[in-house]
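Index from 1, following the sequence.
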Amino acid sequence: MTRTWILPMLLVLCGAVVATGLVLSGSPGEAAALLPAFVLLAGVNSPLVFPRSIGALEAQRRSAVDGRPVVYWRSGCKYCLRLRIRLGRSARQAHWVDIWRDPAGAAAVRAANEGNETVPTVVVAGHPHTNPDPEWVREQLSPSA
């Protein structure tokens with residue numbers, strides 16, 4: 001198990017423990033309402049809500065060919081989640097790199113952010129932008145015609 005799944009698994013485990021305690025104390029209705037909330041939180045904080053990640057070198061190569069942005073992210077980052085949700089379906093047009101799964105991606109983010117692994121870092125035309133406005137990123141995804 002990689003560290004990208006630690007937070008989601010802890011949320012499911014905590015939800016199960018709390019729900020079990022509620023059922024044992026005679027509140028099955030509360031348990032039935034609370035457990036799905038924990039599962040939903042786990043899903044939102046998992047890598048599943050993000051487009052499929054690729055390696056940093058492959059993302060940079062593809063971006064050089066098609067001009068689309070490279071988004072460096074990690075699971076559990078609320079700013080990455082905000083960017084992903086605000087981009088909606090257009091998020092799949094960018095090249096996504098999970099810095100916890102790709103050491104080259106983490107190195108690229110550190111190089112762009114004075115040694116810090118600050119995400120999301122979006123690279124457009126070779127220029128990094130740390131935690132950019134989602135609307136600006138959407139504009140970068142739109143074909144200019």
Side-chain angles (χ1 to χ4, degrees), residues 1-64 66 68-142:
M1 177 189 319
T2 62
R3 63 182 167 174
T4 59
W5 286 100
I6 291 174
L7 179 61
M9 295 306 286
L10 283 175
L11 286 168
V12 169
L13 181 64
C14 289
V17 168
V18 170
T20 301
L22 287 170
V23 167
L24 293 176
S25 69
S27 302
E30 289 180 38
L34 197 60
L35 184 58
F38 273 93
V39 171
L40 179 65
L41 277 173
V44 165
N45 285 289
S46 78
L48 297 175
V49 298
F50 290 89
R52 187 176 151 281
S53 288
I54 59 176
L57 298 176
E58 179 65 14
Q60 291 165 1
R61 185 192 67 74
R62 290 182 186 182
S63 180
D66 60 22
R68 293 188 288 168
V70 177
V71 180
Y72 294 95
W73 69 284
R74 66 173 172 77
S75 64
C77 168
K78 64 183 178 181
Y79 302 106
C80 297
L81 183 61
R82 176 187 73 126
L83 176 64
R84 169 60 186 98
I85 290 171
R86 299 267 309 273
L87 289 178
R89 289 182 161 196
S90 63
R92 298 203 181 276
Q93 295 175 14
H95 304 293
W96 292 75
V97 178
D98 183 348
I99 67 167
W100 279 359
R101 290 187 177 190
D102 185 41
V109 170
R110 286 191 302 272
N113 294 299
E114 300 175 357
N116 297 313
E117 289 186 356
T118 307
V119 289
T121 296
V122 179
V123 178
V124 177
H127 300 287
H129 304 272
T130 304
N131 198 13
D133 182 79
E135 295 306 315
W136 179 84
V137 176
R138 183 176 291 131
E139 290 171 10
Q140 305 311 305
L141 294 171
S142 301

Do P69 and V123 have side-chain heavy atoms sitting under 4.5 Å apart? no

Measuring from H129:NE2 to Q140:CD, what's the distance to the nearest 0.5 Å? 7.0 Å

At their closest point, which heavy atom of V12 faces which heavy atom of A42, and how far apart are they? CG2-CB, 3.6 Å

Is atom CD of E135 surrounded by more than 12 heavy atoms (other residues, nucleotides or ligands) closer than 6.0 Å? yes

Quick one: side chain to side chain donor-acceptor pair (under 3.5 Å) partners of S53, sequence neighbours excluded? W73

Value rounded to 0.5 Å, distance of CG in L83 from SG in C77: 9.0 Å

Using the test side chain to side chain contact (heavy atoms under 4.5 Å, CB included), find all partners of P51 that sit at least two apart in sequence or belong to another chain. R84, A91, R92, W96

For the residue pair F38 and C14, what are the closest heavy atoms and their distance? CE2-CB, 4.1 Å

Rounded at 0.5 Å granularity, tell me how far OG in S90 sits from CG in L87. 5.0 Å

Would you be so kind as to tabulate the donor-acceptor pairs closer than 3.5 Å made by side chains of residues 19-36, with sequence neighbours excluded?
unit_1, atom_1, unit_2, atom_2, d
T20, OG1, A16, O, 2.7
S25, OG, G21, O, 3.2
S25, OG, L22, O, 3.0

Check for a donor-acceptor pair, side chain of S63 on one end and backbone N or O of R68 on the other, with a separation under 3.5 Å. yes

Smallest separation among heavy atoms of R82 and P132, with atom names: NH2-O, 3.9 Å

Which heavy atom of L7 sits nearest a heavy atom of G76, and at what distance? CD2-CA, 4.1 Å

Value rounded to 0.5 Å, distance of CH2 in W136 from CG in L141: 9.5 Å

Note: A59 and V70 closest approach over all heavy atoms is O-CG2, 3.6 Å

Between I54 and R62, is any pair of side-chain heavy atoms under 4.5 Å apart? yes

Gap separating the OG1 atom of T118 from the CZ atom of R74, nearest 0.5 angstrom: 9.0 Å

Scan V109, T130, D98 and name whichever one has a side chain to side chain contact (heavy atoms under 4.5 Å, CB included) with Y72. V109

At their closest point, which heavy atom of P128 faces which heavy atom of A112, and how far apart are they? CB-CB, 3.5 Å

